[in-house]
Amino acid sequence: MRHRRAVLGLVLAVLQAAGAFPTSDLHGMPTGASRSTGFMLAMAPLLAAWGFTIHLRCSDAQIARYLKANAALCVAWLLIVTLKYPTGNDHLVSIMWYLYYVPMLLTSTFSLFSAMRASALDRMPVTSYAKRAVLAIDAALIALVLTNNLHHMVFRFSFDDPLWSGSYTYGPGYWVVLGWIITQIALFFACSFAAARRQLRSAFVPLVLIVGVLGTYTVLYILRFLIGSNLALVYSILLISCLEIALDLGILPSYYWRESMFSALPFNLRILSRTGEVALHTALFQPSAHDDALHSMLLQSDLSRRSITSFRTTAVPHTLFRGYNVTGGSALLAEDVAAIDERRVTLERQQDSLRAHNDLLKHRHAIDGVLYRTQQERALIDEIEQTLAAKTRRIDELLSDLPRGNDPQSLAQRRERLTEVKLLIAYCKRKGGLVLAGKSDPAFNRERLQLVFNETAADLRTLGIDCAALVDVKRVLPASTVSVLYDCLYDFAAAAFAASNPILMLFVSDKVEGGEGSGDGVAVGQHRRVVEMRAALEAEESAQTEGYTRSLEELRRVLERRNVRFALDIAPDGATLAVQATEDEGVA
């Protein structure tokens with residue numbers, strides 16, 4: 001039977017307890033103990049052997065330490081009982097009697113800790129504090145029992161009575177110790193029930209039976225019906241029987257044979273010796289004609305320098321082999337990667353399709369870019385042609401209406417109109433140059449733009465206009481954006497020329513707008529580069545002329561056609577302008 005060891009232990013305990021009922025020839029514990037000496041001498045090495053098997057069978061190192069500690073405590077308990085009775089000193093006998101409760105308390109504690117470990121409760125942070133509290137209570141109760149001769153709170157007796165070892169009574173400390181042991185046994189069952197799988201919870205029937213026997217024995221022992229029995233022997237047998245059933249059913253982690261445990265692993269795994277021979281293998285391992293080649297590849301991978309290696313071979317398709325360096329040899333794990341290979345092929349096909357689609361999109365984008373630039377160039381040329389036609393008509397009007405006289409007034413009017421013609425010709429030159437720049441060098445950098453503004457400012461200063469221009473642009477500008485700047489520059493210059501004692505200030509800069517959380521109409525996560533021009537014109541209020549107003553209104557119409565963001569304020573004593581244009585055709 002699967003549980004024959006535990007059942008045998010239970011029978012031994014019952015027989016030993018049943019044979020210890022008092023008779024007319026027996027009284028007190030010494031007689032009962034002497035009758036069980038042979039049992040103890042036979043049981044002690046069996047308990048030690050059981051502890052050694054735990055070292056081989058238990059798969060959890062911490063639980064194995066707890067169980068081996070229980071076996072050692074039981075052996076020590078039996079040794080104490082064996083040495084107790086030949087001792088003639090009553091005080092020494094009492095101390096050895098009190099030592100019974102050291103293994104009684106600690107075995108229940110270690111059993112509880114094993115169940116907590118098996119149910120994964122020890123992973124909780126509070127468990128470490130609970131364990132310390134349990135050990136602290138154990139230590140306090142052990143100290144209480146060992147010092148009983150000083151206070152007699154656990155056992156009440158008098159050394160003056162020759163039969164004190166059988167005529168004692170129980171104090172309140174005894175019931176505290178007994179209650180604590182019962183509490184730990186109950187907690188052991190609660191944790192074990194949580195650790196057991198659902199199909200194993202029926203295994204608690206024999207465990208409950210053993211605890212029932214132990215409880216019955218304890219009650220009878222307290223009532224002096226079994227005063228002649230050996231408490232250490234019965235308790236040890238029942239404890240080891242209970243733990244053996246827990247191990248046998250898997251409530252506590254264990255395995256009987258390492259080979260069977262290894263064979264049950266859900267992997268295609270084999271353990272090789274240093275010569276490449278298969279020492280162990282799992283049930284999923286199937287020998288094949290390619291094993292020798294695989295073992296040779298693993299041995300040649302030099303696992304002594306690295307603990308893990310991976311390789312594949314065309315002889316065994318859709319399989320990934322992993323080699324591990326283990327003591328005395330190596331381990332070879334075969335993984336079925338057919339599904340991964342299939343997904344990889346699918347992904348490669350999708351990647352090729354996406355790559356071809358990406359190339360198509362790049363080609364389409366390049367064509368769209370060429371069309372867009374062509375449209376932009378066409379729009380810029382049309383805009384420049386219209387502007388140049390208007391300026392040319394203005395030049396014709398000024399030249400056809402020049403004063404012919406040589407009087408000071410005629411000379412002043414002629415000079416003023418020729419100066420305006422000069423500005424218009426410079427404007428036409430700059431605007432016409434944009435057409436050529438669009439074909440050769442369409443990008444305007446800071447130096448090139450600063451040169452144009454500085455030349456215009458120098459021309460205006462020679463005409464009596466106090467002018468300054470500053471360009472702070474960190475990138476190149478397209479011709480469409482420069483066209484907007486030219487309109488602002490020359491229309492403001494024309495307005496300044498028509499004013500009295502004018503002062504003209506120009507400032508051009510660029511910045512980046514948009515981004516996350518922007519509220520300027522740019523999509524979240526997107527950015528756009530903006531060129532901003534600010535101009536300020538100051539003049540005497542009494543010197544406003546028709547040309548002054550005409551130039552600023554012409555600038556307003558130009559900016560409205562260009563659909564840029566601008567603000568133009570015209571006042572009797574001057575004007576201010578703020579205009580923003582993006583790289584794309586000056587549209588803000």
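These values consider heavy atoms only, across backbone and side chains, with no hydrogens, waters or symmetry-generated copies. Heads up: numbering here begins at 1 and tracks the sequence.
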Kindly give the heavy-atom pair with the smallest separation between [X] and [Y], and that separation in Å.
| X | Y | value |
| --- | --- | --- |
| Asn454 | Ala469 | OD1-O, 3.9 Å |
| Ala118 | Leu252 | CB-CD2, 3.9 Å |
| Arg312 | His318 | NH2-CA, 3.6 Å |
| Leu504 | Ile465 | CB-CG2, 4.5 Å |
| Gly323 | Leu298 | CA-CD1, 3.6 Å |
| Cys467 | Arg461 | O-NH1, 2.8 Å |

What is the distance from atom [atom1] of [X] to atom [atom2] of [Y], rounded to the nearest 0.5 Å?
| X | Y | atom1 | atom2 | value |
| --- | --- | --- | --- | --- |
| His365 | Leu360 | NE2 | CG | 13.5 Å |
| Leu112 | Lys131 | CG | NZ | 9.0 Å |
| Leu559 | Cys488 | CG | SG | 5.0 Å |
| Leu485 | Met533 | CG | CE | 6.5 Å |
| Asp569 | Leu577 | CG | CG | 9.0 Å |
| Phe113 | Leu67 | CZ | CG | 13.0 Å |

Can you list the residues that meet the ring-ring contact (aromatic ring centres under 6.0 Å, His included) rule with [X], with sequence neighbours excluded?
| X | value |
| --- | --- |
| Phe285 | His281 |
| Phe453 | none |
| Phe311 | Phe321 |

Backbone N or O of [Y] within a donor-acceptor pair of the [X] side chain at under 3.5 Å?
| X | Y | answer |
| --- | --- | --- |
| Thr127 | Leu121 | yes |
| Ser128 | Val126 | no |
| Glu538 | Ile503 | no |
| Ser509 | Asp472 | no |

Within the structure provided, determine whether [X] and [Y] are in side-chain contact (heavy-atom separation under 4.5 Å).
| X | Y | result |
| --- | --- | --- |
| Met124 | Met116 | no |
| Gln350 | Thr346 | yes |
| Glu335 | Ile340 | no |
| Ser114 | Asp60 | no |
| His295 | Val278 | yes |

* Asked: Are any of the side-chain nitrogens in Asp352 or Arg349 under 4.0 Å away from the carboxylate oxygens of its partner?
  -> no
* Taking only Lys NZ, Arg NE, NH1 and NH2, and the carboxylate oxygens of Asp or Glu, determine whether Arg556 and Glu553 approach each other closer than 4.0 Å. => yes
* To do: Walk me through it: do Leu247 and Arg57 pass the test side-chain contact (heavy atoms from CB on, under 4.5 Å)?
  => CA-CA 9 Å; Leu247 286 165; Arg57 291 186 293 143; 4.3 Å; yes
